[in-house]
Protein chains: 2
Amino acid sequence: MSDALRQFKSDIFQGLAHPTRIAIVELLRAGELPAGKLIEKLELEQANASQHLAVLRAKQIVVSRKAGNQVYYSIRDRALLEVLDILRRYFYAQLSSTVNMLQEVANERPQSRLKAH
Amino acid sequence: MSDALRQFKSDIFQGLAHPTRIAIVELLRAGELPAGKLIEKLELEQANASQHLAVLRAKQIVVSRKAGNQVYYSIRDRALLEVLDILRRYFYAQLSSTVNMLQEVANERPQSRLKAH
DNA sequence: TTACTATATTCGATATTTAGAATATATTAA
DNA sequence: TTAATATATTCTAAATATCGAATATAGTAA
């Protein structure tokens, strides 16, 4: 794999490496929204939201379009939503494997099920 | 979406948000490798490699197993490789849209095709 | 023009990430 | 035991990311 491709991938990951930016992208899943709506729904400081949006723009994750007073944001390529979907399944898979593991531990030692330790 | 899921996703992204770590994950695509092999193939400083591996472990992206003198690393869940595949397609899609854009610009102004400006 | 609204940028403080040097630990070999 | 090998951790300095406060800009309304 080329260095350029690696750099590109790590830029995308870096762009998504913050819970607020994940939240923004998830809100844009249904379609474009003006910055103000994002700020309102996520209860963010205006400056903070604007900074996160600047990161998402810089990493080419979103695009913006100005309409009158407002700036509408949307996902640049919906392929990225697939990435989030894969991670959701991954998250739940790990969750259930953790639950299973805890259950196995509990079943192997039923006498201690109610004990705190 | 829950805060936990958002945090989980951004942790994964953060784990992958460095070209060296992308390179490590790509090398592990074919199967497990000892740390030394990764260091050799990527021509990394030993300490630097070890730090990146620690990040990948902390974010649960890889797992390690010790065998004698060596520590073998592997991808914890191959679903993550799908994520990288999606990004590769995304990368080439963006590349070709950039090329198309440049071609359109060139075609719209054929007289300036060879001019520097 | 002035005032208002929506958004972006800059600034300063703090926290996190990164690389490399040095050191530590664990395993095997002698 | 001691030496050698493989890997991890700690430390320091530099770079980067984050937040909130303040300020700037662009568009609209009066």
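Sequence lines set the chain letters: A, B, ... in the order given, protein chains first and strands last, and positions in each chain run from 1.
- Computed from coordinates, the A:Asn48 CG to C:dA15 C1' distance equals 15 Å when rounded to whole Å.
- For D:dC19, the OP1/OP2 oxygens have a side-chain nitrogen or oxygen of A:His18 closer than 4.0 Å.
- For the residue pair B:Arg21 and B:Gly15, the shortest heavy atom distance occurs at NE-O, 2.6 Å.
- Both B:Leu87 and B:Leu27 are members of a single hydrophobic cluster when ILVMFWY side chains are connected at heavy-atom separations under 4.5 Å.
- In this structure, B:Asp11 atom CG and D:dA17 atom P are separated by 17 Å, rounded to whole Å.
- Using a 4.0 Å heavy-atom cutoff across all strands shown, B:Gln14 reaches sugar-phosphate atoms only and no base atom.
- Taking the charged nitrogens against the carboxylate oxygens, A:Glu32 and A:Arg65 do have a contact shorter than 4.0 Å, which makes a salt bridge.
- Residues from residues 57-73 of chain A lying near DNA chain D, meaning a heavy-atom separation below 4.0 Å, are A:Lys66, A:Gly68, A:Asn69 in numerical order.
- Of the candidate nucleotides D:dT9, C:dT7, D:dG20, D:dT9 has the atom lying nearest to any side-chain atom of B:Ser50.
- In this structure, the CZ atom of A:Phe13 is 17 Å from the P atom of C:dT17, given to the nearest Å.
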Decide yes or no on side-chain contact (heavy atoms from CB on, under 4.5 Å) for A:Val63 and A:Ser74, but give the supporting numbers first.
CA-CA 6 Å; A:Val63 291; A:Ser74 53; 3.5 Å; yes
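- Close to D:dA17, at under 4.0 Å from its OP1 or OP2, lies no side-chain N or O of A:Arg21.
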Under the salt bridge (charged side-chain N to carboxylate O under 4.0 Å, His left out) rule, what do A:Arg29 and A:Asp85 come out as? Steps first, then yes or no, please.
CA-CA 11 Å; A:Arg29 185 181 276 271; A:Asp85 288 340; 3.0 Å; yes
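- The residue among B:Gln46 and B:Val55 whose nearest nucleotide of DNA chain C lies closer to the 5′ end is B:Val55.
- Using a cutoff of 4.0 Å between basic side-chain nitrogens and carboxylate oxygens, A:Glu26 and B:Lys9 are scored as salt-bridged.
- Of the candidate nucleotides C:dA8, C:dA19, D:dA21, C:dA19 has the atom nearest to the side chain of B:His52.
- Side chains of B:Gln7 and B:Asp11: a donor on one and an acceptor on the other come within 3.5 Å.
- At a cut-off of 3.5 angstrom, counting only N and O atoms as typed in the model, there is no donor on one side facing an acceptor on the other between the side-chain of B:Glu45 and the base of C:dT18.
- Residues A:Tyr73 and A:Arg57 have side chains that bring a donor and an acceptor to within less than 3.5 angstrom of each other.
- DNA chain C lies under 4.0 Å from no heavy atom of any residue of residues 28-36 of chain B.
- Summarising the geometry, the separation between CD on B:Glu40 and P on D:dT7 is reported as 11 Å, rounded to the nearest angstrom.
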